[in-house]
Amino acid sequence: MIVAVETRPLTSARIPLFGTLERQPADALLGLIGLCRRDPRPDKIDLGVGVYRNDAGETPVLRAIKDAEHRLADTQATKAYLGAEGDARFVELLAPIVFGAAQAAEPCLTGVQTPGGTGALRLGAELVARGSRQPTVWIGTPTWPNHAPIFREAGLEVRAHPFFDAVTGTVDFSAMVGALEQATAGDVVLLHGCCHNPTGAELTQAQWADLIALLTKRQLTPFIDLAYQGLGRGLDSDAAATRALLAAMPEAIVAYSCDKNFGLYRDRVGALWVKAADGAAIAAVRDNLLVLARSLWSMPPDHGAAAVREILEDAALTGLWKTELEDMRARIAGLRAALAHAEPRLSALGDQGGMFAMLPLTHEAVLELRTDHGIYMADSGRINIAGLRSETVAPFVAAIAPHLQR
Ligand SMILES: Cc1ncc(COP(=O)(O)O)c(C=O)c1O
């Protein structure tokens, strides 16, 4: 059928499509990379962007990944499209590492590959927004700066709750619980599974148990962001909270990143798992995840996930990856211990986990350290501990000591 289109004479000036768009602030951390790069001082210290660095200050491709990539180059027979769920075998092999074998086999758990942890967070947010409840998403402060925008762009309301006690460098658990007591049944609570970014502060086992009791009592759903498994206390320990939450809660969402623990950053490798209340619900969840993924990115990029699959399919490569991951973890833990030992006011860093810590420094001090010492950290005082080298710990501590607020 041909539809007649009414043509009206142009009576006014054309209204531009993009005329109302406002300029947006540049990403502060990416700006910091540029600033640091342009600093000619040979002894500058880059603690800005959140990538692992070895003691030579490099972020090399893991040997396990290189081997897997060689195998892929030799054996991959096609690059034909996969489906919206990505590489199903990658998800299947990753699940027991995240959840343990028994929980990974849960029939009410479904997973898909995503473009990084960010893609997993966005897909999960879109799924939540599709549900009938239109919940508020509660997010602790401070948090990874991309969390709130991801949920807001999916159309969800975001509310902040306190998380960090900057004086003690630990979780302000009573303030967190006090705020979550105000949540409405059906709301969603975003939780860092381990290695909190930016503070490094983690709930104790007892606090996780109390939080699970609170979520249960108030009918809140956990949305777990697990982006650093293996970089805190070890693969199983770092997943313990996620596993406990999944075991206890009828519904849960887990956004996972392989970009840090496999060193795949730009290759964008992640997965999203959802636990639903019953078989019918999980089937509908999966259908909706696939429909949403199809319109968001059609299908996730293959290469990085295929390399992870190669590793997890082969015991020797898995062993090599675990050794390399443990080396990274141990180096970060060693730097934490060195910082805590060098300066009593940094003692909390020794008890925290993962790559990040938030130093009690004023904004002025952060800028002064940048100008006077070539020490680059986020404006908030967040440091990427892995940016330190054994020989830069002492000069770093000497430079920040006069500025520490606690
Ligand atoms: C807490 C947290 N969640 C998720 C992500 C996203 O990771 P990806 O690079 O896989 O998208 C990051 C990355 O920095 C992060 O710090």
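Nothing here was measured: the structure is a model prediction, and the numbers come from that model. Position 1 is the first residue of the sequence; numbering continues from there. Remember, it's 1-based here, ligands and their atoms both numbered in the order they're listed. For the numbers below, each heavy atom of this structure counts, side chains included, while hydrogens, waters and symmetry mates do not.
Every heavy atom of Phe356 sits 4.0 Å or more from the atoms of ligand 1. Contact analysis puts Arg268 in contact with ligand 1, with a non-hydrogen atom separation below 4.0 angstrom.
In this structure, Asp43 does not pair ionically with Arg41, as no charged nitrogen and carboxylate oxygen lie closer than 4.0 Å. Of the charged side-chain nitrogens involved, at least one lies within less than 4.0 Å of a carboxylate oxygen, so that Arg309 and Asp87 count as a salt-bridged pair. Residues Arg233 and Glu202 are paired through a salt bridge, judged by an N-O separation under 4.0 Å between the basic side chain and the carboxylate. For Lys217 and Glu181, the salt-bridge test passes: some basic side-chain N is under 4.0 Å from an acidic carboxylate O.
Remark: ligand 1 and His147 share no N or O pair separated by less than 3.5 Å (distance only, no angle test). The shortest N or O to N or O distance between Tyr265 and ligand 1 is not below 3.5 Å. Residue contacts with ligand 1: Gly117 is placed with a nitrogen or oxygen under 3.5 Å of a nitrogen or oxygen of the ligand (distance criterion only). Considering backbone and side-chain N/O of His192, none are found under 3.5 Å from N/O of ligand 1.
Centroid-to-centroid, the aromatic rings of His373 and Phe396 stay 6.0 Å apart or farther. For Phe173 and Phe163, the distance between ring centers is not under 6.0 angstrom.
The closest protein non-hydrogen atom to atom 13 (C) of ligand 1 is Lys260 NZ, 3.0 Å. Ranking the protein heavy atoms by distance from atom 10 (O) of ligand 1 puts Asp259 OD2, 2.5 Å first. The shortest contact between atom 7 (O) of ligand 1 and any protein heavy atom is with Ser257 OG, 3.8 Å. Nearest protein neighbour of atom 1 (C) of ligand 1, counting heavy atoms only, is Asp225 OD2, 3.4 Å.
Within the 4.0 Å heavy-atom criterion, both parts of Thr118, backbone and side chain, lie near ligand 1.
Using a 4.5 Å heavy-atom cutoff, the side chains of Lys44 and Ile375 are not in contact.
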TODO: Any chance you could lay out the side chain to side chain donor-acceptor pair (under 3.5 Å) test for Gln229 and Asp236, step after step, and finish with the verdict?
DONE: CA-CA 8 Å; Gln229 189 190 6; Asp236 285 324; 5.5 Å; no

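Which parts of ligand 1 touch Asn197 is read off a 4.0 Å heavy-atom cut-off, strictly below it: atoms 1 (C), 15 (C), 16 (O). Residue Ala227 approaches ligand 1 through these ligand atoms, each under 4.0 Å from one of its heavy atoms: 2 (C), 3 (N), 4 (C).
By the side-chain hydrogen bond (donor to acceptor under 3.5 Å, both in side chains) test, Arg133 is found to be paired with no residue, residues two or more places apart in sequence or in another chain being considered.
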